[in-house]
Amino acid sequence: MSAVRDDGDEALLHFDLIVLGGGSGGLAAAFRAAEYGQRVALLEPRELGGTCVNVGCVPKKAMWLAADLGSRIAQAAQLGFDVPDAKRAAFDWPRFLTDRQRYIHGIHDSYRKRLDRDGIVVVPARGRLAGPGRVVCDSGTQLTAPHIVLATGSSPTRPDLPGAALGAVSDDFFDWCAAPARVAIIGGGYIAIEFAGVLQALGSQVDMFVRDQRLLRQADGELVEQLQENYAQQGIGLVFGYDLAALHRENDGRLRMEAIDGTVRAGYDQVLFATGRRPNTGDLGLDTVGITSDEAGDIPVDAWQATPAEGVYAVGDICGCGPALTPVAIAAARRLCDRLFGGKPDAKLDADNVPSVVFSHPPLAMVGLTEAQAREQHGDDVHVYCSNFRPMRNALAETAQRSLFKLVCVGESRRVLGLHLLGDAADEILQGFAVALKRGITLDDLHDTIAIHPTSAEEIVLMR
Ligand code: NDP
């Protein structure tokens, strides 16, 4: 170990930085601090990589890719390929799990190698604060450091209602080895939409139950309408204004849902709660340094990731600053370490114009303001340009699914405030445009750019 060891009775190890949590934010903090020559301890009782790598972005994207491929097999048959029984091309889910987990183990290995190379001490234990500058591990070992970064992430929640324990959450989904015949998904956010698309494409009959009158409250309304239409065409049931009251197990083992208005929906093999996540701040010893988490469990931080306790910082899902996205946690952690150890006193997270993608089928990608947000801020000075089209492959295969791209601009110069894309490859297209939007481009800049033809992306530079 590269830490300095105390000679007292208790094992007491001194570091420059202790990081609690080996997920995206924690690893980013540890790596960046080590790059600046700091002695770092990283505490993680479970697999390295946290939610993103183990029960989030990575396995989800793998399932999304499988689902995407499945729907393309069906299209291939419509385009003249001799695909036997393409509508029901059998998917060997357990076999795919082996590939998925092999990929994830590869990420674990690369983390371990890099941690080792950078001299970061990995402690496979849960840690809690035990007073200023001090952390105690569940193994009893005590560590001290002038800087402590809390990066313990969040966990999926179940609503507080009778029978809720009968339902699954996103962590459970990643243990499934087959598509359940009938699935009810509660919620209309990122996870609900993504799992609905994947499960429907891989053979489940999915019904979504949403308490609002639409999916994805924070996204642009017109794109969401188009997504809902696409999902309905894929056979996904959409029930809005639905408030679940209780969940029961029937004699045949299936699940029955009772709504607050008394309606009953039965016959589900799985009910999946996608009703949000809660920060893992419960057993962190926050009281020992005078930090109080808020009602949602979030740790209060300022714009510099600093908590009210000197030398204690928080990044990622536990502090509710910026959207709960892996790249946001990573950016916050890197900038924090640039500031603490890298001589960059102004480095801090800029949470404006963070691009994000909902991996629906097709994906929905967004950056900047929605039309509604823009109108709220700029009134009639907002100008909106849309392109609603059927991408070439869908037109060739006579598949109904449409794409909708939308550009939100402001003022005479038509500065671009928001870009919203629903369509094939939207996830890949958005990244470059997000750079441009952050740099303050205008509609003229887009028109000045030669289109790449024939693509979906060219619609963005041709909108008028
Ligand atoms: P979201 O906040 O996106 O959505 C939660 C949904 O559950 C909302 O529709 C909400 O409704 C509903 N809800 C909450 N409580 C209840 C309840 N008691 N009964 C019924 N419905 C309820 O959370 P997710 O869990 O989907 O995802 C968490 C976060 O993780 C996301 O916000 C995102 O930041 C991140 N994420 C990002 C992904 C990506 O980048 N592709 C993928 C997955 C997650 P209402 O709107 O009415 O509150």
Side-chain angles (χ1 to χ4, degrees), residues 23-25 50-65 153-164 167-174 184-198 207-219 221 224 227-228 238-247 257-261 265 271-280 296-298 316-332 351 354-367 421-422 426-428 430-431 434:
S24 305
T51 298
C52 172
V53 170
N54 299 294
V55 283
C57 324
V58 176
K60 179 278 306 290
K61 182 75 187 279
M63 299 311 292
W64 182 88
L65 287 167
S154 64
S155 302
T157 56
R158 286 179 173 78
D160 182 16
L161 49 84
V169 293
S170 58
D171 287 4
D172 304 314
F173 166 83
F174 293 110
I185 297 184
I186 314 296
Y190 276 77
I191 295 178
I193 293 170
E194 292 183 346
F195 284 6
V198 163
D207 293 325
M208 298 182 75
F209 295 88
V210 187
R211 64 181 177 185
D212 200 358
Q213 293 302 327
R214 55 169 281 186
L215 297 174
L216 211 61
R217 197 195 284 273
Q218 64 273 49
V224 167
L227 174 66
Q228 289 169 186
L238 292 164
V239 182
F240 294 110
Y242 183 90
D243 262 313
L244 182 64
L247 206 54
M257 304 195 320
E258 237 176 74
I260 283 182
D261 64 8
R265 303 286 296 244
V271 172
L272 188 66
F273 290 113
T275 48
R277 301 176 62 87
R278 193 172 168 85
N280 297 324
D298 287 328
D317 289 9
I318 58 165
C319 59
C321 58
L325 301 171
T326 290
V328 172
I330 292 173
V354 172
S356 88
V357 170
V358 184
F359 285 93
S360 44
H361 296 263
L364 189 159
M366 49 197 165
V367 62
L421 313 174
L422 173 74
D427 50 334
E428 300 291 349
L430 187 71
Q431 189 75 74

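The shown structure was predicted, so the numbers you read here are calculated from the model rather than taken from an experiment. Any value given below was found using the heavy atoms of this structure, including those in side chains, with hydrogens, waters and symmetry copies removed. Atoms within each ligand, like the ligands themselves, are counted from 1 in listed order.
In this comparison of Arg158, Arg214, Arg211, the heavy atom closest to atom 17 (C) of ligand 1 sits on Arg211. Proximity annotation for atom 23 (O) of ligand 1: of Gly276, Pro156, Gly188, Gly276 comes nearest, heavy atoms only. Within the set Ile191, Leu161, Ile193, the minimum heavy-atom distance to atom 24 (P) of ligand 1 is found for Ile191.
With Gln228 contributing its side chain and Leu215 its backbone, the two residues share a donor-acceptor pair below 3.5 Å. Judged by distance alone, with hydrogens and angles left aside, the side-chain atoms of Thr275 form a donor-acceptor pair with the main-chain N or O of Thr157 at under 3.5 Å. Although no hydrogens or angles enter the test, the distance criterion places a donor-acceptor pair under 3.5 Å between the side chain of Arg158 and the main chain of Gly167.
A distance of 6.0 Å separates CG in Leu227 from CG in Leu364, rounded to the nearest 0.5 Å. The structure places OG1 of Thr51 at 7.0 Å from CG of Asp171, a figure rounded to the nearest 0.5 Å. In this structure, Ile193 CD1 and Leu216 CG are separated by 4.5 Å, a value rounded to the nearest 0.5 Å. The CG atom of Leu247 sits 5.0 Å away from the CZ atom of Phe273 when rounded to the nearest 0.5 Å. In this structure, the separation between OH on Tyr190 and NZ on Lys60 is 9.5 Å, given to the nearest 0.5 Å. For the atom pair CD of Glu194 and NZ of Lys61, the computed distance is 10.0 Å after rounding to the nearest 0.5 Å.
Considering backbone and side-chain N/O of Phe359, none are found under 3.5 Å from N/O of ligand 1. In terms of polar-atom proximity, Val358 is not counted as a contact of ligand 1, lacking any N or O under 3.5 Å from an N or O of the ligand. Taking distance alone, with nitrogen or oxygen atoms compared against 3.5 Å, Arg277 stays at or beyond that limit from ligand 1. For ligand 1, none of its N or O atoms has an N or O atom of Ala192 under 3.5 Å away. Taking any N or O of Gly187, backbone or side chain, none lies under 3.5 Å from an N or O belonging to ligand 1. Checking only distances, Asp212 never comes within under 3.5 Å of ligand 1, N or O to N or O. Checked against a 3.5 angstrom limit, the closest N/O atoms of Ala324 and ligand 1 fall inside it. Distances between N or O atoms of Gln218 and those of ligand 1 include no value under 3.5 Å.
Close approach of ligand 1 to Glu194 is summarised as follows: ligand atoms under 4.0 Å from at least one heavy atom of the residue are 39 (C), 41 (N), 42 (C), 43 (C). Under a 4.0 Å criterion applied to the non-hydrogen atoms of Lys60, ligand 1 contributes the atoms 41 (N), 42 (C).
Using cut-offs of 30° and 60° on the angle between ring planes, the pair Phe195 and Phe173 is parallel.
No salt bridge links Asp160 with Arg278; every basic N to acidic carboxylate O contact stays at or beyond 4.0 Å.
Distance check for atom 2 (O) of ligand 1: every protein heavy atom is found at 4.0 Å or beyond.
Remark: minimum distance from atom 18 (N) of ligand 1 to any protein heavy atom is reached at Pro159 CB, 3.6 Å. When hydrogens are left out, the protein atom nearest atom 45 (P) of ligand 1 is Arg217 NH2, 3.2 Å; that is the closest non-hydrogen contact. Summary of contacts: the protein heavy atom closest to atom 22 (C) of ligand 1 is Thr275 CG2, 3.5 Å. With respect to atom 32 (O) of ligand 1, the closest heavy atom belonging to the protein is Tyr190 CD1, 3.9 Å. Considering only non-hydrogen protein atoms, atom 4 (O) of ligand 1 sits nearest to Gly189 CA, 3.4 Å.
At least one heavy atom of Ala274 sits under 4.0 Å from some atom of ligand 1. Using a 4.0 angstrom heavy-atom cutoff, Leu325 counts as in contact with ligand 1.
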Practice task
Output, in order, the C-alpha distance, side-chain angles, deciding distance and verdict of side-chain contact (heavy atoms from CB on, under 4.5 Å) for Ile186 and Arg211.
Solution key: CA-CA 8 Å; Ile186 314 296; Arg211 64 181 177 185; over 6 Å; no
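When the shell of 6.0 Å around CD of Gln218 is examined, it contains more than 12 heavy atoms from other residues, nucleotides or ligands.
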